[in-house]
Amino acid sequence: MQKPDILAIRLAAKSRLFEIQSVDLRFSNGTLRTYERFKPASRSAVMILALDDQQNLLLTYEYAVGTEQYELGFPKGLMEIGETPEQSANRELQEEVGFGAEKFTLLRTLISSPGYMNNPMHILLAESLYPSRLEGDEPEALQLVRYPITKIDELLDDPKFNEARNLSALFLLKKHLAQR
């Protein structure tokens with residue numbers, strides 16, 4: 001299929017965190033449409049599924065203002081300019097749970113809502129962990145939760161573990177472990 005021509009991109013709204021663009025398109029059949037989207041991300045993000053020597057996944061409880069509650073999830077964060085996904089994952093892991101990792105495996109790169117944004121998130125498995133803490137940017141210390149990998153299906157059913165990227169990452173991990 002032929003991609004539509006972008007005729008114009010305009011600022012529709014802007015906040016401290018987000019910029020919404022209005023994008024005028026002409027499709028190959030001549031149809032004109034205006035879509036709105038978040039301005040494409042300038043940096044990718046990482047999510048880390050850290051597996052310790054006792055075969056526990058390391059998760060955190062972190063406050064999410066969107067749901068106004070603490071959410072159970074995997075460590076994650078934005079990549080710094082010049083970092084590889086592995087470097088970024090190692091930094092975020094040290095900042096959020098106090099461990100570094102010697103081995104990383106990229107499970108997949110996800111885009112959560114391609115109809116409205118371009119926000120790549122690299123999902124990595126971290127293994128061979130070692131204690132190491134870096135200062136992060138969280139407003140409070142995150143509560144570390146160790147979850148046995150043998151109870152992965154219980155985690156999938158846990159109502160406090162409901163963010164779509166976390167669930168996708170866990171399914172990717174299940175597939176990866178089944179292929180070992």
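As a basis for the values below, the full set of heavy atoms in this structure was taken, side chains included, without hydrogen atoms, waters or symmetry mates. For this chain, numbers begin at 1 and follow the sequence in order.
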Subject >> Whether S168 side chain and A164 backbone form a donor-acceptor pair below 3.5 Å >> reply: yes
Original post:
For R43, does the CZ atom have more than 12 heavy-atom neighbours from other residues, nucleotides or ligands under 6.0 Å away?
Top reply: yes
Original post:
So how far is it from Q55 CD to I152 CD1, rounded to the nearest 0.5 Å?
Top reply: 11.0 Å
Original post:
Partners of Y63 by ring pair (Phe, Tyr, Trp, His ring centres under 6.0 Å), sequence neighbours excluded?
Top reply: Y70
Original post:
Does any non-hydrogen side-chain atom of K174 lie less than 4.5 Å from one of D153?
Top reply: yes
Original post:
If you look at every heavy atom in A101 and L129, which pair is closest and at what distance?
Top reply: CB-CD2, 3.6 Å
Original post:
Is the shortest heavy-atom distance from the side chain of E62 to the side chain of E71 under 4.5 Å?
Top reply: no
Subject >> Joint cluster assignment, V46 & L106, ILVMFWY side-chain distance < 4.5 Å >> reply: yes
Subject >> Heavy-atom donor-acceptor pair, D157 side chain to E154 backbone, under 3.5 Å >> reply: no
**OP:** Test side-chain hydrogen bond (donor to acceptor under 3.5 Å, both in side chains) on Q94 and E92 and set out the steps.
**Re:** CA-CA 5 Å; Q94 292 174 73; E92 288 291 341; over 6 Å; no
Subject >> Nearest-0.5 Å distance, CD1 of residue I48 to CD of residue E86 >> reply: 11.0 Å
Original post:
Rounded to the nearest 0.5 Å, what separation is found between the CG atom of N162 and the CD atom of Q69?
Top reply: 7.0 Å
Subject >> Whether E83 side chain and E80 backbone form a donor-acceptor pair below 3.5 Å >> reply: yes
Subject >> Taking every non-hydrogen atom, the tightest pair across A12 and E36 >> reply: CB-OE2, 4.2 Å
Original post:
Would F104 and L170 show up in the same hydrophobic cluster when neighbours are defined by side-chain heavy atoms closer than 4.5 Å?
Top reply: no
Original post:
Do any N or O atoms from the side chain of N90 and from the backbone of G100 form a donor-acceptor pair under 3.5 angstrom?
Top reply: no
Original post:
Which distance, rounded to the nearest 0.5 Å, do you find between the CD of Q87 and the CE of M79?
Top reply: 8.0 Å
**OP:** Check the surroundings of atom CD1 in I81: do more than 12 heavy atoms from other residues, nucleotides or ligands lie under 6.0 Å from it?
**Re:** no
Show every donor-acceptor pair shorter than 3.5 Å between a side-chain atom in residues 17-27 and any protein atom, with sequence neighbours excluded, or say none if there are none.
residue : atom : partner : partner atom : Å
Q21     : OE1  : R37     : NE           : 2.7
Q21     : OE1  : R37     : NH2          : 2.9
S22     : OG   : R10     : NH2          : 3.2
D24     : OD1  : R10     : NH1          : 3.4
D24     : OD1  : T34     : OG1          : 2.7
D24     : OD2  : R10     : NH1          : 2.4

**OP:** Give a yes or no on whether I123 and L177 share a hydrophobic cluster (residues Ile, Leu, Val, Met, Phe, Trp, Tyr; joining criterion: side-chain heavy atoms under 4.5 Å apart).
**Re:** yes
Subject >> Backbone N/O of K160 and side chain of D158: donor-acceptor pair under 3.5 Å >> reply: yes
Original post:
Cluster question for you: counting only ILVMFWY and a side-chain heavy-atom cut-off of under 4.5 Å, with indirect links fine, are L93 and L107 together?
Top reply: no
**OP:** Rounded to the nearest 0.5 Å, what's the gap from CG on N118 to OG on S113? Could you check?
**Re:** 11.0 Å
Subject >> Least distance between heavy atoms, L142 atom then Y61 atom >> reply: CD2-O, 3.8 Å
Original post:
Is I149 linked to L167 within one hydrophobic cluster, defined over Ile, Leu, Val, Met, Phe, Trp and Tyr using a side-chain heavy-atom separation of less than 4.5 Å?
Top reply: yes
Original post:
What distance separates L59 CG from F74 CZ, expressed to the nearest 0.5 Å?
Top reply: 4.5 Å
Original post:
For atom CZ of R133, is the number of surrounding heavy atoms from other residues, nucleotides or ligands below 6.0 Å larger than 12?
Top reply: yes
**OP:** Give a yes or no on whether a salt bridge exists between E135 and R91, defined as a side-chain N under 4.0 angstrom from a carboxylate O.
**Re:** no
**OP:** Begin with the C-alpha distance, continue with both residues' side-chain angles, and end with the deciding distance and a verdict on side-chain hydrogen bond (donor to acceptor under 3.5 Å, both in side chains) for S112 and N119.
**Re:** CA-CA 7 Å; S112 61; N119 58 336; 2.9 Å; yes
**OP:** Take V145 and L58, measure what side chain to side chain contact (heavy atoms under 4.5 Å, CB included) needs, and give me the verdict at the end.
**Re:** CA-CA 6 Å; V145 176; L58 305 185; over 6 Å; no
Original post:
Where do P75 and V97 come nearest, in terms of heavy atoms and distance?
Top reply: CG-CG1, 3.9 Å
**OP:** Can you sort out the partners of F99 under ring pair (Phe, Tyr, Trp, His ring centres under 6.0 Å), two or more places apart, ordered by chain and number?
**Re:** none
**OP:** Return the minimal non-hydrogen interatomic distance between T60 and E96, and the atom names on each side.
**Re:** CG2-O, 4.2 Å
